[in-house]
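In what follows, a single structure is set out as structure tokens and then discussed.
Since this is a predicted model, take the numbers as computed values, not measurements. So you know, we letter chains A, B, ... as the sequences are listed, proteins then strands, and number each from 1.
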Number of protein chains: 2
Amino acid sequence: MENDTQTNIMDAAQSLILDNGFSGTTVDAIIKRAGVSKGAFFHYFSSKADLAHALVMRYAEADAQHLENNMEKAEALSDDPLQQMLIFVKLFEQEMNALSEPYPGCLFASYLYQSELFDEQILEIIHRWMLRWRGRVKDKLEEVADTYPPDREVDLSSLADMLLVTFEGAFVLSQSVEEPETIARQLSHYHSYLQLLFNP
Amino acid sequence: MENDTQTNIMDAAQSLILDNGFSGTTVDAIIKRAGVSKGAFFHYFSSKADLAHALVMRYAEADAQHLENNMEKAEALSDDPLQQMLIFVKLFEQEMNALSEPYPGCLFASYLYQSELFDEQILEIIHRWMLRWRGRVKDKLEEVADTYPPDREVDLSSLADMLLVTFEGAFVLSQSVEEPETIARQLSHYHSYLQLLFNP
DNA sequence: TTTTAAATACCAACTGGTTGGTATGTTAAT
DNA sequence: ATTAACATACCAACCAGTTGGTATTTAAAA
């Protein structure tokens with residue numbers, strides 16, 4: 001165990017922020033959920049904003065890892081770019097299908113809905129995270145388009161964005177419609193769209 | 001002018017809430033932006049929560065009207081269900097292309113990112129709003145599927161949801177990527193997907 | 001190996017500014 | 001003269017952050 005208490009505080013804070021937003025989450029609520037004192041909180045974080053910063057860093061790192069893992073998994077399972085891309089999407093689809101209530105949300109989206117409250121540094125991290133997604137997916141889509149030139153013209157940047165859009169939009173929807181398959185079904189439409197675009 | 005001050009307060013509150021979230025928006029900030037006194041605020045709204053309720057009602061009503069307008073416009077321009085549906089999407093696409101910074105957001109989404117803070121009544125209104133979208137779009141998609149039976153099996157409920165998902169996801173993305181066409185481009189992909197699904 | 005000094009990891013009472021909300025007006029129309 | 005439409009001064013609860021402490025671990029000196 002490296003630093004149990006700190007991680008404990010961050011976990012408690014993240015789940016509260018996903019439910020109530022950043023400014024809807026008080027430090028008192030965080031320490032209560034984490035079962036630590038106020039002294040402990042301000043021992044590890046110099047301010048509430050500092051916590052926000054630490055959370056965004058951790059989330060970005062974990063997500064980048066996740067993205068890379070799934071891409072490598074997909075590339076190991078096929079040599080064909082289109083198949084790789086389709087498997088890549090299917091992996092997320094399966095993950096989303098596997099999890100149960102409560103439905104997940106995106107920490108970054110919950111930050112962006114309070115964007116005025118955060119400094120440029122945090123917004124910059126979120127921005128780079130988006131560009132990383134777009135870049136990684138777009139690279140793969142370019143391979144696909146080279147191998148299977150589509151009939152109609154396709155803007156690969158926005159097609160890459162569409163995967164993130166699908167996630168974020170489905171997260172919002174799943175907050176209100178109580179159907180566990182919601183997110184996976186939306187990913188499945190993205191999957192179908194890619195097939196229709198690039199298949200003969 | 002029916003009730004200038006009240007509308008003024010609601011407009012100020014809505015734009016602040018879209019930027020900072022509900023709990024990130026103080027009553028003092030609202031009355032400052034609206035240029036009214038605290039007495040005026042609590043004359044028209046019994047509490048901050050009451051304001052939230054009024055906002056959600058107004059937003060739901062305006063959006064329902066908007067949805068109906070675009071559907072009727074589309075139905076007036078063609079007799080073919082697929083064309084109607086494609087025009088319907090194109091109308092939103094044009095609207096999104098027409099507007100300039102700052103990019104819009106969805107009041108309901110900003111509420112859902114603070115969902116724990118709101119009572120069941122407000123959440124219920126948001127839920128009904130989603131079901132209305134799904135219902136209205138799904139009805140049209142059923143006409144389309146009857147006229148042009150698709151090759152593959154298509155789940156029309158989630159395909160209807162996909163339009164809302166596209167909006168909500170694109171709103172999130174547009175908060176961080178500074179490209180005005182982002183939202184319209186995503187809608188354009190939905191447009192293409194429908195064409196590919198239902199065209200011979 | 002024991003003693004000692006210093007840093008770390010907490011705790012819980014407290015503080016001062018902020019917040020949603022109220023009390024007590026004033027003004028103008030009906 | 002009553003009511004609607006505000007304005008201003010104020011309050012109590014709440015909030016992020018501070019203070020002054022203690023227990024425990026680490027490190028180095030004796």
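Residues A:L18 and A:Y103 do not share a hydrophobic cluster, defined by chaining ILVMFWY side chains whose heavy atoms lie under 4.5 Å apart. By the rule that hydrophobic residues join a cluster once side-chain heavy atoms approach within less than 4.5 Å of another member, B:M57 and B:I30 end up as members of one cluster.
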For nucleotides 3-5 of chain D, list the nitrogen or oxygen atoms of the protein found under 3.5 Å from its nitrogen or oxygen atoms, one pair per line.
from: D:dA5; atom 1: OP2; to: B:H43; atom 2: NE2; distance (Å): 3.4

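In this structure, B:K32 atom NZ and C:dT18 atom P are separated by 13 Å, rounded to whole Å. One interatomic measurement links the two molecules: CD1 of A:I9 to C1' of C:dC10, which rounds to 10 Å at whole-angstrom precision. In this entry the distance linking CD of A:Q6 with C1' of C:dT8 reads 13 Å, nearest Å.
Ion pairing between B:R33 and B:D11 fails under the 4.0 Å rule for side-chain N and carboxylate O. A salt bridge links B:R136 with B:E68: the distance from a Lys NZ or Arg NE/NH1/NH2 to an Asp or Glu carboxylate oxygen falls below 4.0 Å. The pair A:K140-A:E75 counts as a salt bridge, with a side-chain nitrogen and a carboxylate oxygen less than 4.0 angstrom apart.
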- Which nucleotides of nucleotides 20-30 of chain C have their base under 4.0 Å from a protein heavy atom (B), which only their sugar-phosphate (S), and which neither (-), written as one string 5' to 3'? BBB--------
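Considering only residues two or more places apart in sequence or on other chains, B:D80 meets the side chain to side chain donor-acceptor pair (under 3.5 Å) condition with B:Y148.
Ring to ring, B:F92 and B:H66 are close: their centroids are under 6.0 angstrom apart.
For the pair B:K48 and B:F22, the cation-pi test (distance below 6.0 Å, angle within 45°) is passed.
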